[in-house]
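To keep things clear, I will list the structure first and then write my remarks on it.
Ligands are counted one by one from 1 in listed order, and the atoms in each one are counted from 1 as well. Nothing fancy with the numbering, it's 1 onward along the sequence.
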Amino acid sequence: MTLMKRRHFSAIALASTALAAGLPALAQDNTFKIGLILPMTGQQATTGRQIEAAARLYMAQNGDTVAGKKIQLIVKDDTSLPDVTRRLAQELVVNDKVNVLAGFGITPSAMATAPIATQSKTPQVVMAAATSSITQASPYIVRTSFTLPQASVALADWAPKNGLKKIVTLVSDYGPGLDAEKFFKERLTFNGGQVVEALRVPMRNPDFAPFLQKVRDLKPDALFVFVPSGAGAAVMKQFLERGMDKAGIKLIGTGDVTDDDQLNDMGDGALGVVTSHHYSAAHPSAMNKKFVEAFEKANKGLRPNFMAVGGYDGMRVIYEALRTTKGQGGGDALLAAMKGQIFESPRGKMFIDAQTRDVVQDIYLRKVEKKDGQLYNVEFDVIKDVKDPGKTR
Ligand code: VNL
């Protein structure tokens with residue numbers, strides 16, 4: 001045997017002795033594993049990229065040891081297909097023995113994982129998906145993103161007061177879109193406005209052109225839009241190409257359409273678009289300025305969007321739960337320590353409602369403006385401490 005080969009051989013022998021002595025099991029006890037399932041490729045890839053970057057930033061800023069445990073982040077790409085999400089969640093729980101499941105770019109992925117969280121008593125921290133009913137799918141779900149009813153209602157109060165009474169809604173045809181459509185319409189009608197047509201576009205590979213043509217013909221005061229993060233730029237482009245703004249139709253929506261990930265590339269045609277949402281990269285707090293600066297520095301100038309903030313705050317909720325339970329508790333103890341957390345986020349103050357496990361937060365009205373040559377969602381009004389309206393019925 002050559003010297004090299006002998007060294008290699010004895011390393012293997014050593015490793016198997018350690019295995020027999022149960023050393024890896026001991027090492028595992030000191031590790032706290034977070035299984036982060038995200039769409040890293042495919043239609044929702046920007047959401048995955050934003051959340052992973054934010055989770056890594058949180059760890060870089062807060063260290064990777066909490067209550068004596070070494071935090072290990074295991075990132076998995078579900079390509080935004082719920083069957084894949086479910087399989088990955090199962091593997092993470094059974095094989096990797098993760099302490100927490102996190103991420104979930106779209107509603108179907110969060111829903112597909114809920115039974116696994118329940119059966120294995122693993123907290124599931126939803127950092128992106130925003131259909132109201134998600135938190136009811138498992139008592140182990142905690143949400144740090146937002147809900148569409150929460151974001152939509154504020155705009156339905158603002159619109160009729162600002163001369164927008166006849167409105168067409170255009171939403172992505174799945175959970176969050178149907179929530180946005182329903183809650184926007186109910187509140188608008190209550191306020192004396194009217195939804196003259198409710199249009200739904202397919203969630204996968206949408207073609208907005210025929211829908212926008214229809215809106216042009218209907219000539220409403222405004223078009224209310226919900227599309228998931230990443231699809232906003234396409235809507236904006238086609239809206240402007242059809243000259244709908246020049247025809248006197250105002251574009252409004254939840255902040256998903258003027259997503260900070262894409263907004264700056266949408267061009268001056270986006271100026272003046274009014275949206276309601278829980279986060280803007282231009283939110284004028286000291287904490288947010290620090291967050292945006294650090295995020296851009298760590299990611300080649302990429303601007304954080306609302307997905308990034310959901311990921312960053314989700315990590316906060318997990319870290320704090322681990323600290324509170326002193327690294328001793330299982331899933332139930334962690335979950336209990338997640339409920340009721342109240343803290344300052346880059347978005348403003350936020351709160352995890354202990355009853356609903358959903359996020360309570362301020363919702364802002366914002367207008368696209370130019371600041372230092374860049375397009376931003378500039379906040380001009382705020383509704384404080386908004387609970388998910390989908391839960392109170
Ligand atoms: C969802 C909601 C996804 C809002 C989004 O972007 C979004 C969802 C990916 O619940 O599926 O902006």
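- Shortest contact from atom 12 (O) of ligand 1 to any protein heavy atom: D256 OD2, 2.6 Å.
- Taking every non-hydrogen atom of F306 and a distance limit under 4.0 Å, the qualifying atoms of ligand 1 come out as 12 (O).
- The side-chain tip of R216 does not point at the ring of F211 from less than 6.0 angstrom away and within 45° of straight on.
- Looking at A231, G105, S229 and measuring to atom 6 (O) of ligand 1, the nearest heavy atom belongs to S229.
- Residue I106 has at least one heavy-atom neighbour below 4.0 Å for each of these atoms of ligand 1: 8 (C), 11 (O).
- Residue A129 approaches ligand 1 through these ligand atoms, each under 4.0 Å from one of its heavy atoms: 8 (C), 10 (O).
- Annotation for ligand 1: atoms under 4.0 Å from non-hydrogen atoms of F226 are 2 (C), 4 (C).
- H278 pairs by the side chain to side chain donor-acceptor pair (under 3.5 Å) definition with nothing, not counting sequence neighbours.
- Less than 4.0 angstrom separates some heavy atom of Q44 from each of these atoms of ligand 1: 9 (C).
- Inspection of the T85 and D78 side chains reveals an N or O donor paired with an N or O acceptor under 3.5 Å.
- Among protein heavy atoms, atom 1 (C) of ligand 1 sits closest to Y174 OH, 3.5 Å.
- At a 4.0 Å heavy-atom cut-off, ligand 1 does not touch F104 at all.
- Of the residues D332, T113, T118, the one that meets the side-chain hydrogen bond (donor to acceptor under 3.5 Å, both in side chains) test with Y140 is D332.
- D256 and T254 are linked by a side-chain donor-acceptor pair at a separation below 3.5 angstrom, with hydrogens and angles left out of the test.
- Near M307, meaning under 4.0 Å from one of its heavy atoms, ligand 1 places the atoms 5 (C), 6 (O), 7 (C), 9 (C), 12 (O).
- Looking at K297 and E293, no side-chain N of the basic residue comes within less than 4.0 Å of a carboxylate O on the acidic one, giving no salt bridge.
- Annotation: T107 places an N or O atom under 3.5 Å from an N or O atom of ligand 1; distance criterion only.
- By the criterion of a heavy-atom distance under 4.0 Å, both the backbone and the side chain of P228 are placed next to ligand 1.
- The only member of I34, N62, L36 that meets side chain to side chain contact (heavy atoms under 4.5 Å, CB included) when paired with M315 is I34.
- Ion pair R366/D381 not flagged as a salt bridge, since none of the NZ, NE, NH1 or NH2 atoms sits closer than 4.0 Å to an Asp/Glu carboxylate oxygen.
- In the vicinity of T47, heavy-atom distances shorter than 4.0 Å reach the ligand 1 atoms 9 (C).
- Classification of D358 and K391 as a salt-bridged pair holds, one side-chain N sitting under 4.0 Å from a carboxylate O.
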